[in-house]
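Both ligands and their constituent atoms are indexed starting at 1 by order of listing. What you see is a predicted model, and the numbers here were worked out from it, not measured in a lab.
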Amino acid sequence: YQGHFSWDKYLKETGASSAPSSCFRQSLTPPLNEFKAGMKLEAQDPRNTTSTCIATVVGLTGSRLRLRLDGSDNKNDFWRLVDSSEIQPIGNCEKSGGMLQPPLGFRLNASSWPMFLLKTLNGAEMAPSRIFHKQEPPAPEQNSFQVGMKLEAVDRKNPHFICPATAGALRGVEVLVTFDGWRGAFDYYCRYDSRDIFPVGWCTLTGDNLQSPGTKARAFYSSPLLSVYLSISARALVLPKSLGPLTDGSVESPAMHPPPTVGRPP
Ligand code: MLZ
């Protein structure tokens with residue numbers, strides 16, 4: 001289910017401001033997605049970026065494609081914006097003098113690659129070049145994020161998710177993406193012109209499902225020991241409640257039968 005998270009309300013509640021769209025390397029109106037599941041295209045292998053492979057569109061979400069490299073398994077799907085420069089129509093690689101490569105972890109013997117390629121392309125539905133976008137949007141001239149600004153960002157550990165996030169720190173051309181309501185495990189640094197970060201409202205425009213913030217409070221103190229201490233004391237506070245009396249009658253409550261007195265008789 002979706003649609004319960006409202007940036008409007010959330011920004012008011014948190015008193016935060018959103019990063020202006022001029023901070024991002026994204027087009028002002030998200031690029032039109034005219035791809036269909038099953039279409040094939042050329043993509044850079046994310047695990048071996050010097051090789052160009054054949055990929056199949058296995059899913060679509062907003063302006064993004066879920067891609068799977070032909071000859072690979074289904075455990076290494078990746079997502080690309082339709083205006084990414086890392087996807088091209090089939091034929092592009094050869095036209096520029098390159099050769100299509102088997103993906104990293106090709107599930108057959110390397111020597112069977114030429115035949116595999118022939119078979120995978122035979123009768124395939126190739127994404128027509130008119131639905132590709134000519135260019136990626138230009139990168140802004142500089143990193144103009146400020147700490148505390150809100151944005152929407154791909155959760156790189158769960159890349160199908162786009163989540164509410166905050167610029168947590170700046171480091172030259174990089175921004176620390178922190179996820180609202182989640183502890184640091186999902187944080188990452190990326191370049192300010194990364195294609196994985198979007199202005200507030202992006203998912204509403206594309207029809208992507210923006211996740212809700214998590215429910216975990218971020219530690220105020222950076223000491224890991226202190227946050228462990230704090231979470232243990234928080235648990236201790238709720239313990240008595242969880243040990244409350246059983247009232248379904250299946251177990252007698254101690255109040256009905258006072259515990260037998262042990263020790264000396266009266
Ligand atoms: N099931 C996963 C989802 C985490 C998503 C976090 N996004 C910032 C988990 O709970 O680990």
Whether the side chain of R25 engages the backbone of P137 through a donor-acceptor N/O pair (distance < 3.5 Å, no angle test) should be reported.
yes
When distances are taken from atom 11 (O) of ligand 1, the protein heavy atom at minimum range is F186 CZ, 3.8 Å
Measuring to protein heavy atoms, does anything land under 4.0 Å from atom 1 (N) of ligand 1?
no
Sequence neighbours excluded, the answer for salt bridge (charged side-chain N to carboxylate O under 4.0 Å, His left out) partners of E125 is none
Are any side-chain N or O atoms of N33 and backbone N or O atoms of V82, one a donor and one an acceptor, separated by less than 3.5 Å?
no
Quick one: does D155 get an N or O within less than 3.5 Å of an N or O on ligand 1?
yes
Using a strict 4.0 Å cut-off to heavy atoms of F179, name the atoms of ligand 1 that fall inside it.
8 (C)
If we check salt bridge (Lys or Arg N to Asp or Glu O under 4.0 Å) with D83, which of these qualifies: R64, R195, K134?
R195
Is it true that the side chains of N48 and T50 contain a donor and an acceptor less than 3.5 Å apart?
yes
Protein heavy atoms near atom 6 (C) of ligand 1, is at least one of them under 4.0 angstrom away?
yes
